[in-house]
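This report concerns only the one structure given below.
Remember, it's a predicted structure, so these values are computed and weren't measured experimentally. Chain naming here is simple, since letters A, B, ... match the order of the sequence lines and numbering starts at 1 in each. Values below: every heavy atom of this structure, side chains too, minus hydrogens, waters and symmetry copies.
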There are 2 protein chains.
Amino acid sequence: MTPVPRAGLSREAVVGLALGVVDDGGTGGFADLTLARVAARAGVATPSLYKHVGSLAELRREVSVRAVGELAGATSRATVGLSGPDAVRAMAHAWRGYARVHPGRYAAAQTGPDPDDPAHAAHRDAAAESVAVAVATLRGFDLPEECVVDAVRAVRSAVHGFVTLELGGGFRAPQDVDRSFDALVDMLVAGIAALARREPG
Amino acid sequence: MTPVPRAGLSREAVVGLALGVVDDGGTGGFADLTLARVAARAGVATPSLYKHVGSLAELRREVSVRAVGELAGATSRATVGLSGPDAVRAMAHAWRGYARVHPGRYAAAQTGPDPDDPAHAAHRDAAAESVAVAVATLRGFDLPEECVVDAVRAVRSAVHGFVTLELGGGFRAPQDVDRSFDALVDMLVAGIAALARREPG
DNA sequence: CCAATAAGCTACGCCTATTAGCCAAAAAGT
DNA sequence: ACTTTTTGGCTAATAGGCGTAGCTTATTGG
């Protein structure tokens, strides 16, 4: 009957539009990601998206994988050629920088993959890559093998916690937040060094 | 027509049932909190809840305030009579302990209040109390006035980040998570002490 | 005993996601 | 070039969520 021009969508295009929704929604962009919103951007009826994406959950997972990959890439790029304290500092700042520039995507990156579901394989890989960057950063500290995991967990915890609280408006005091972040990173670097000195073998 | 017995609800009762939903839902209990679920627990039709609660958003906020208050209470109780490193350690462990016992409520506690909305006053108060506990914990470190906020932010960031990642399944390696937490707390204590030593005045 | 209030209910409107089935447009095959 | 198949739109319809309106009954207070 009525001619229906093609919108030229594809899985890639849909994910891209979803990323746009996430970006425009600020910190809550990922939580507010909806098929209806994506369809509106595409100029298409909501059910049409199912030709390119299995479900909202699948689209969200795809967005998460992208976000985790980007975060891993940003920290990785920031630390090439560095080691020891310099590497940790660079990683921490790159991490926080990514979160501040892309708060919606950072929130998306916090969805953990299901360890068992085979559909989450890409997500697991991306997460593993992100952790691998952190591990690589700690080379140069001469950490005893069994302490590396403690150090990685400490760095991830501290930086992620800081960024989360900052984006969530948790730091209401007037003091400079950058300064506090530097202090935190200093603590981490000193703490890792101390961890290396302890239990010397 | 048909006799409609009273369910004996009240605002208190509704909030209590909501807390039950949150508790039973694990980490995602707060995200999955829904008026329909609460109504089902109350044995009541969903719209009936509006006689006791203004909206889902209001109910969620109420739950958040409770959770923040409980967390502040738990950390406060754990640190009475302690100071310095002992206080920080006790607070960190009480914090993590609360989150592990009440993962749903802990997630609820992460919703930040709107600084302007007068309806969020109770939420702001609860959050302020929680921060006050952390500040009190740092007495005994002789921190220069302008460094206290850095130390508070560092402690909150590190502990919150660790707990968040732990609950979210972010620590997949087989190594003991308790040990990693102890290492993190050691770093914090040492870092705060170093902060006190720096810029001596 | 009666009136006022409080606490249920059903019916509805609007927004999601998702499925089913139709139809035209593009692509592939002959 | 024509035909066939696949693809990517569509509308219609189901199910479940929040929230509003208006009715009815239980409870309470005079």
Rounding to an integer number of Å, can you tell me how far B:Leu9 CG sits from D:dA26 C1'?
14 Å
Rounded to the nearest angstrom, tell me the gap between atom OH in A:Tyr50 and atom P in D:dA13.
18 Å
Could you state the atom-to-atom distance from CG of B:Leu49 to C1' of C:dA6 in whole Å?
15 Å
Whole-Å gap separating C1' (D:dG8) and CZ (A:Arg11):
16 Å
Using atom types as modelled and distance alone, determine if a side-chain donor or acceptor of B:Arg124 lies under 3.5 Å from a backbone N or O of B:Asp117.
yes
Quick one: does any side-chain atom of B:Ser10 pair with a main-chain N or O of B:Ala13 as donor and acceptor, under 3.5 Å?
yes
Ignoring hydrogens, what is the shortest heavy-atom contact between B:Arg153 and A:Gln175? Give both atom names and the distance.
NH1-O, 3.3 Å
Check DNA chain D against residues 29-41 of chain A and give the residues with a non-hydrogen atom under 4.0 Å, in numerical order.
none
Among A:His160, A:Arg100, A:Glu70, which residue satisfies the side-chain hydrogen bond (donor to acceptor under 3.5 Å, both in side chains) criterion with A:Tyr106?
A:His160
Check the side chains of A:Asp182 and A:His93 for a donor-acceptor pair under 3.5 angstrom, ignoring hydrogens and angles.
yes
Mark yes or no: B:Arg96 above the aromatic ring of B:Phe162, with NZ or CZ under 6.0 Å from the six-membered ring centre and no more than 45 degrees from the axis.
no
Rounded interatomic separation in angstrom, taking CG from A:Leu56 and C1' from C:dT19
16 Å
Using a strict threshold of under 4.0 Å (side-chain N to carboxylate O), is an ion pair present between B:Glu12 and B:Arg66?
yes
When the rotation axes relating C1' atoms of four end pairs to the next four are compared across the helix from C:dC1-D:dG30 to C:dT30-D:dA1, five pairs an end, they differ to 10° by 0°
Output the rounded distance in Å from CG (A:Leu59) to P (C:dT16).
15 Å
Quick note, B:Pro47 side chain, CB onward, closest among C:dT19, C:dA17, D:dT20 is D:dT20
What's the NZ-C1' distance between A:Lys51 and D:dG8, to the nearest Å?
6 Å
Can you tell me how the ring of A:His120 sits relative to the ring of A:His123, calling it parallel under 30°, perpendicular over 60° and tilted otherwise?
parallel
Reckon B:His52 has a side-chain N or O less than 4.0 Å from the OP1 or OP2 of C:dA6?
no
Within less than 4.0 Å of OP1 or OP2 of D:dG8, is there a side-chain N or O belonging to A:Ser48?
no
Check for a donor-acceptor pair, side chain of A:Arg11 on one end and backbone N or O of A:Lys51 on the other, with a separation under 3.5 Å.
no
